[in-house]
Amino acid sequence: MFTRRQTLGLLASTMTLTALDGTGARRAFAQDGRPVLRVAVQALGPSLEPLESMTNVGLRAIDCLFDRPLRRNFVEEERHPGKPAIDPQLATSVTQVSPLVWEMTLRPGVRLHDGTTLSAEDVLATFGPDRIGPDSPYPDGKILFGHVTEVEKVDDMTVRLHTRQEDVVMRHRLAGYGPWIIGAKAYRELGPEGFKAQPVGAGPYKLKEFVRDTRIVFASHDDYWMGAPAAAEVVISVVPEVATRVAGLISGEYDIVTNVLPDQVPQFAGYADVEAETVPMDLLHLLFFDYNRPAVADAKMRRALSFAIDYDAVAKAVWGPRYRRPNNFQIPAFGDLYDPNRKYFTYDPDQARELLSAAGYAGGEIVLRVPPSYYLGSGDAAQIIQAQWQALGINTRLEFAESAAQQMQPGADVRMISSSFRYPDPLSGGVIVHLGRNSYLQKHKFFIPRTDYNEVCDQFAAATAPEERKRLFWRLLDLLEEEAPVTILYAVNEIVGKRTKVNWTQYPLYYMDLRPDVFSFA
Amino acid sequence: MPDAAPAAFPAPAAPAVVSPVLAVRDLSVAVGEGLAVDGLDLSLAAGETHCLVGESGCGKSLTCLALMGLLPAGARCRSAGLTIDGRDWAYRQGRPPPGLAMIYQDATASLDPVMTVGRQIAEALPPDLPARARRREAEALIAQVGLSNPRARFGAYPHELSGGMNQRIAIAMALAGRPRVLLADEPTTALDVTVQAQILDLLLAVQNSTGAALLFVTHDLGVVAQIADRVSVMYCGSIVERAPVATLFAAPRHPYTRGLIDSLPQISRPAARLASIPGRVPAIGARPPGCRFRPRCDRALARCGREAPVLDGTGPRGAVACFNPT
Amino acid sequence: MPADLRLAARLALPARRPAPLVVLSAALFLGLVLLAAAGADLLAPHGFAEQHLDARLQPPWLAGGTTDYLLGTDTLGRDILSRILFGARTSILVAVGGTGFGFLLGTSLGFAAAHWRGWCEEAVMMLVDMQAALPTLVLALAVLAFLGNSLPLLILLVGLDGWERYARLTRGMVLSARESGYVLSMRIVGAPAWRIHLLHILPNIAGALIVQATLNFPHTILLEAALSFFGLGVQPPATSLGQMLGLGRAYLINAWWIAVFPGSVIFLTTLSMCLVGDWLRDRLDPTLAREPGAGRP
Amino acid sequence: MQQQPLISASGLVRSYRASRAGLLRRGPEVRAVDGVSFAIRAGEAFGLVGESGSGKTTVGRMVSATLRPDAGTVALLGEPFAEPMPLARRAKVQAVFQDSLGALNPRLRIGRQLEEPLIVHGIGAAERRVRIDGLLADVGLPRSLLLRYPGEVSGGQRQRVLLARALALRPDLLVCDEPVSALDVSVQAQVVNLLADLKTRHALTLLFISHDLRVVRHLCDRVAVLFAGRIVESGAVAEVIGSPAHPYTRALIRALPADRPGPRRTAARAIAAAPDLATQDLATQDLAIPDRATPDGAGCAFAARCAAATPTCRRSAPVLRSLSAGHEAACHLVAAR
Amino acid sequence: MLRFLLVRLLRALLTVLGCATLAFFVLRLSGDPLVALLPTDSPAELLERYRVLWGLDRPLPEQYLRYLLALARGDFGRSLVDGRDALGLVIERAGATLQLGGTVFALAILIGVPAGTVAALRRGRPSDYLTMSAAIFGYAMPNFFLGLLLILLFAMQLRLLPSSGYGTPAHLVMPAITLGTAVAAKLARFVRTSVLDVLGQPYVRTAHGKRLGSLAVIVRHVFPNAAIPVITFLGFELGLMIGGAVVTENVFGWPGIGQLLVVSVARRDLAVVQTVVMVIAVSVVSANLAVDLAYGWIDPRVRVAGGRHAG
């Protein structure tokens with residue numbers, strides 16, 4: 001088998017070079033000698049408006065086109081876990097001049113794709129009321145920067161952000177989702193709709209071609225302030241079939257492929273020129289219980305069900321040996337707020353049985369409803385959980401819902417949802433965003449806190465002193481265990497396949513950072 | 001006209017036949033396990049109209065198709081020799097002998113529905129003709145078979161013409177190859193009597209003008225009486241009687257021939273009851289031993305069940321295959 | 001054509017029939033599949049949803065696996081062989097149910113169109129045209145994705161594929177049968193319309209309809225498989241051959257057996273059905289091949 | 001002897017569209033039958049002759065109540081056909097058609113098909129058995145035939161089965177549409193004889209439709225000659241055939257093949273007209289062929305083919321005129337004679 | 001002829017209208033598309049605004065009438081995802097589908113017609129048997145399965161062909177084979193039947209009787225007659241091929257309307273799904289219309305009779 005593949009590979013590589021025009025290695029170089037980076041992704045976002053693109057598939061392209069005031073340094077965080085690291089990017093400095101005012105000084109001489117130079121106008125456009133204000137069509141803009149009451153231009157290179165209440169995570173925000181600086185001139189000229197298709201930013205690559213759901217072609221932004229990017233062009237193609245993506249990587253059509261299945265990783269070992277990288281993401285898959293359903297209205301029942309899942313078995317089956325089970329709703333990057341000793345629910349069948357009988361469970365049907373493939377591995381996970389619950393005598397029915405709308409329709413006890421940490425602070429996701437007062441779960445009455453959970457949430461959101469924040473956050477985590485509105489299954493792994501000659505690393509968020517300092521060809 | 005037929009050929013039934021344009025010896029056609037045509041001898045003189053008559057299932061059509069080399073798949077044939085115009089023809093299925101042309105029973109079906117009749121006639125003309133001459137020839141042929149306005153008819157499609165007109169086209173097509181022998185397989189069966197009369201006239205006229213021999217297959221003794229010079233009566237794949245037409249009608253010798261003649265209703269002499277032959281033609285696989293007509297014959301002898309009579313006899317009374325002829 | 005020529009043509013027929021041995025083995029295979037589907041509970045070494053997370057992605061026995069899982073296991077360590085047995089049951093249920101539904105719908109509408117000429121006929125023919133204009137796969141994709149999934153709905157949609165062929169065929173044959181002498185004779189006798197349709201016309205066209213059904217059946221299997229391939233067919237934990245293939249396609253590179261075995265069963269089933277259908281057509285109804293709708297054998 | 005006719009047709013008209021129409025499409029209309037009237041007395045054999053497309057089959061279908069006339073009525077013993085026909089009256093008129101293979105359901109055993117009319121008419125099983133035995137005896141068929149399928153028996157036998165089935169309901173009138181033309185001569189003679197026998201034995205009245213004057217001559221008492229949907233001549237068989245009045249009838253008779261060999265007759269015998277005008281073909285719209293779609297009465301339909309046609313013939317359609325007792329013809333020239 | 005054309009056109013229009021109606025109501029039955037479309041945490045006011053924007057707040061019959069009126073103006077609506085003109089989106093993708101479909105049709109005809117003809121002419125012989133075995137294999141092979149096997153072989157093992165994508169002839173090879181195999185196989189079988197049918201016709205015997213060469217008989221008499229049912233078949237096949245294209249395009253990432261359909265269905269993008277369905281219906285209906293016209297051109301009998309009746 002091995003020798004045959006070697007022979008065939010040798011034969012094929014020569015053929016690829018000679019026989020094929022346009023797909024093989026030859027076209028991988030642009031005229032100036034810099035290579036073309038060819039990426040195959042499972043999907044692309046429909047729009048290139050940053051505030052519409054905060055999805056796992058949308059972020060990749062956005063982070064190529066736009067820069068932010070600050071930049072989260074994942075490399076540094078990886079080196080020193082538990083220490084958030086933020087570098088200046090388009091802003092040389094961001095300082096809190098008063099509790100409610102943040103001032104950023106812009107980097108001079110930054111050239112945007114349309115040739116204009118970065119100025120306060122661009123920041124004003126980015127944080128304009130039409131984008132983050134109450135009437136904004138972009139929910140994410142409101143969620144992330146809705147508390148910014150005024151954007152004040154101090155001078156051409158200085159801007160002040162006024163907030164409604166004190167924002168202890170403003171620096172994180174300016175390095176995270178949303179604050180991609182857009183070109184004011186282009187935005188003004190094209191209007192919000194036109195800008196979606198012809199975006200202008202200050203990022204390392206500028207748009208050359210965008211065919212929705214098919215491909216994006218980026219050209220190098222040679223005037224990029226960090227220096228010319230390593231690739232002359234970036235071609236991101238949509239290849240929905242994972243087997244086809246991997247085949248394309250192996251056959252030499254792509255340099256990077258995303259969303260590889262864990263079980264395919266061992267396969268990469270057979271080829272010298274490709275490798276797989278497994279990165280646990282700051283994204284959790286959860287099951288949530290419907291408080292309105294008598295079957296799970298009792299916290300004992302929810303806890304019982306949570307104890308009845310063999311999380312390691314599920315995670316290992318879905319994500320392979322390199323899975324990560326988060327310690328409650330936190331990631332190490334929370335720094336001081338991170339409590340490594342919290343486990344949230346673990347597999348404890350004895351306790352589960354105890355709680356079941358305490359709750360008086362009499363074999364009623366529990367309906368577990370999941371989307372079959374919207375979340376990677378969700379189908380498999382659900383089937384394993386069903387089997388595990390069944391093993392403990394919990395009569396479980398599995399339902400697959402085609403769409404979110406169908407998923408959320410009444411009639412299910414347990415559903416699946418995801419929760420991500422957009423920046424390394426509890427305010428970015430989890431306890432507040434996904435379970436708090438304004439969360440989808442509470443607004444749709446799936447989660448109706450029986451404790452003072454919401455009050456503590458409010459206190460935490462308002463708190464600024466580090467110790468107070470820590471105390472309140474941990475209190476929230478305690479309350480969660482008591483309420484058990486959700487159970488955390490695992491952190492999602494992203495596995496990228498790439499050619500060994502490509503020096504690039506997948507971050508724990510779905511950015512595709514191709515800036516010169518973190519991306520090059522060997 | 002070329003020299004006479006090979007010497008081994010059995011003596012022709014009528015003295016009129018001196019030098020046949022078509023002679024076939026011992027022709028057999030096998031379909032499946034049985035012989036649909038069984039050792040048939042036939043010769044035609046130039047200008048002669050020879051009728052092959054018998055009920056359906058007797059092998060009349062297969063005889064024609066075998067001569068043309070156009071047997072359907074699954075039918076095989078064998079012959080001791082085929083002579084056309086004195087020349088031996090190396091016989092092969094799928095290759096129609098030169099000098100032979102055939103007119104089929106259902107004219108409309110035998111014409112290509114998507115090609116104009118003119119082109120179909122032109123196709124049958126000798127291949128060396130230039131295109132313009134071809135068209136002229138074809139139009140001349142259309143006129144010759146009695147269709148008015150040949151120029152317009154040239155561009156007509158078969159479905160635009162009536163059955164009788166299509167039969168005329170088929171005759172023109174047969175004539176295009178300048179045949180020495182015309183095989184006509186029940187060409188008027190599907191037509192109305194008035195049209196039948198015209199087609200028969202046309203065939204005879206054509207025969208007169210070209211001097212071709214005509215082998216006319218029919219089951220209608222009335223037609224036979226009208227056009228034949230000589231008649232071969234066929235039963236179960238073999239010829240049971242062969243005679244000049246007047247002789248045959250005046251004094252049929254084979255019981256089958258007599259039965260056929262008697263069962264024909266006559267317009268001039270209505271009878272209270274028609275005579276009929278009992279029973280029916282046996283299927284190929286179910287033929288009796290001995291004389292095949294024996295089960296339906298009122299003159300059968302013991303011998304008829306044991307051996308098969310052969311076609312025998314010369315002279316003006318023709319030949320008959322019967323141990324007890326009348 | 002004279003009788004002797006007809007005879008000759010009939011005698012010449014056997015040459016074009018597929019060798020009986022091939023048809024026989026095809027029928028045998030179909031029988032086996034049916035048997036396996038029916039007896040899945042007895043035959044399957046494991047439950048079709050029985051997970052063995054410690055034995056995930058085991059290769060087949062002959063490719064380095066164990067005899068515990070003769071055809072290997074899938075991502076949840078479920079036995080492929082058992083799943084094929086149960087999956088075949090679902091696939092055949094859907095295909096048979098769908099074919100039956102389409103058959104009934106199509107022939108009834110075909111009869112109706114032939115009986116009530118005029119508006120009813122026009123309406124049916126319009127539906128037929130519409131069905132032909134909207135490929136079932138496209139329609140089913142939209143309906144299943146938007147309306148959600150259930151087995152009855154799936155069977156219904158799969159059944160929609162082909163009903164228009166039955167309808168068209170039935171209508172054509174009934175219309176020509178109505179012109180035939182035997183129907184005329186029955187009308188002269190005074191037989192009522194239902195009697196003529198059910199007792200006289202139906203037996204005559206049943207052969208052609210059955211042949212059409214056998215020719216359509218593989219189509220139905222493939223349609224179910226294609227829908228399941230898109231994740232819109234049978235939903236887990238229930239399984240079908242198409243669903244196995246659809247789920248297994250992602251693992252084609254590292255665990256080929258997940259997709260290849262059910263794929264092969266689909267292929268062989270379709271193949272056998274085609275062979276048997278062809279043979280039936282040659283036997284029962286040599287004229288059917290001229291019907292345009294039957295052109296998709 | 002002014003006895004009421006068993007069946008009488010008066011002014012029958014029936015048109016067809018040339019192609020089957022869709023919702024909006026209409027083919028040109030062709031009059032297949034254009035004002036046909038006749039009456040048949042009980043016990044009589046009435047022949048209807050004409051070439052293909054003359055409308056004789058359409059008349060047969062209207063008389064057997066399987067086709068509704070556009071105009072005109074058919075009456076049984078003076079009472080017009082109603083729609084739907086009551087079963088009892090249905091039984092009085094039965095029919096046998098040419099294509100004996102098509103007229104029998106290939107998928108049903110012959111026995112079942114003989115039984116079917118009796119079942120429809122509510123006759124009990126025991127009675128059915130008795131009747132079928134009688135029918136088989138009538139038409140000279142063995143009982144063994146009952147278990148066979150139509151494809152397994154010969155053409156002559158099938159025609160007998162059809163006769164038996166038609167007689168099962170003990171009809172008064174039997175419509176026979178070309179019942180023998182597909183048969184070989186020897187068998188044809190058998191069936192013609194059988195028909196003659198049955199007619200006498202069951203006091204049957206026959207409407208015998210044929211293109212073959214020779215058979216009609218044998219079997220029928222009276223005959224009507226149909227051309228282009230109209231009766232051009234009618235009368236006692238001997239008289240019509242012996243002294244035909246209408247040029248078309250004469251042409252028909254002249255066109256018959258000879259009974260016995262004689263001197264060859266040649267083209268002179270053919271109908272004097274452009275030869276390719278000889279046939280009528282409903283399916284085609286060759287302009288040279290007389291078009292029955294033209295307004296009624298615009299001339300004699302036969303004029304285009306008639307050697308003796310005068311301007312009058314082309315202007316007005318002739319009507320049937322009596323020549324002698326029972327002998328009528330529709331021809332201007334005959335009237336002038 | 002003109003009347004025939006008009007009637008056919010009217011029928012075609014009614015059929016398309018029926019399809020539009022069906023698509024409209026099936027898609028509306030699925031409940032609120034906005035719930036699926038907008039993020040789960042969208043505020044209620046936002047939902048309401050979009051509902052008004054897209055006219056989803058009005059009663060269904062009114063929505064339907066508006067939809068039909070818009071259709072009549074050539075306005076197919078806007079994508080709920082990015083507000084782009086739905087027809088524009090479909091047209092953007094149609095090129096790729098046409099390229100694939102055209103190649104497949106050409107390939108199928110180039111392979112299917114000769115194969116079927118040879119099989120018919122050599123019926124009962126090994127070459128017939130071989131061709132028909134290949135055809136039946138090609139037909140029975142599920143195209144999604146075949147596509148995956150091809151990728152495994154040509155892209156992974158041999159590294160000969162690109163596994164997916166669009167642009168160069170090399171990209172076209174595997175999708176065309178995947179989709180074309182079944183079409184060619186069916187065509188070969190159908191051509192064989194048609195040719196056999198024609199070969200048994202009396203006029204072919206007549207042509208042979210004229211001492212024409214075998215080739216001349218086939219080219220002049222057999223082909224034109226056999227083409228008539230084959231063309232009908234191709235018209236019917238188009239609809240099925242589109243179904244196959246949906247699968248193939250998704251397996252190979254071929255950016256045609258099949259892929260657009262699946263993506264849009266997944267996103268519940270009503271207007272786009274509707275437009276794709278309409279475009280497919282219009283193509284199939286016009287193909288069948290074209291077949292009808294081709295009939296008139298090839299078969300002189302139809303010119304007089306005024307067209308074959310549908311069915």
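Per chain, numbering begins at 1; letters A, B, ... match sequence-line order.
Contacts with chain E were tallied for B/Met173, B/Met102, B/Glu123; B/Glu123 has the most, counting heavy-atom pairs under 4.5 Å.
Only the side chain of E/Ile228 comes within contact range of chain B, with at least one heavy atom under 4.5 Å from a heavy atom of that chain.
Without hydrogens or angle criteria, E/Thr206 side chain to B/Ser110 main chain gives a donor-acceptor distance under 3.5 Å. Not a single donor-acceptor pair under 3.5 Å links the side chain of E/Lys210 to the backbone N or O of B/Ala176.
The structure places CZ of E/Arg220 at 6.0 Å from CE of B/Met115, a figure rounded to the nearest 0.5 Å. Rounding to the nearest 0.5 angstrom, the gap separating the CE atom in B/Met68 from the NE2 atom in E/His208 is 11.5 Å.
Counted within 6.0 Å of CZ on B/Arg135, heavy atoms from surrounding residues, nucleotides or ligands total more than 12; the atom is thus considered enclosed. Within 6.0 Å of the CZ atom in B/Arg95, the count of heavy atoms belonging to other residues, nucleotides or ligands exceeds 12.
Counting all heavy atoms, side chain and backbone alike, E/Pro202 lies closest to B/Ala109 at CB-O, 3.5 Å. The two residues E/Pro224 and B/Val114 have their closest heavy-atom pair at CB-CG2, 3.7 Å. Smallest separation of non-hydrogen atoms from B/Pro96 and E/Gly209: CG-CA, 3.9 Å. Annotation for E/Arg211 and B/Leu100: closest pair NH2-O, 3.1 Å, computed over non-hydrogen atoms. The two atoms that bring E/Asn225 and B/Pro113 nearest to each other are OD1-CG, 3.2 Å, heavy atoms only. In this structure, E/Tyr203 and B/Leu111 approach most closely via the heavy-atom pair CB-C, 3.4 Å.
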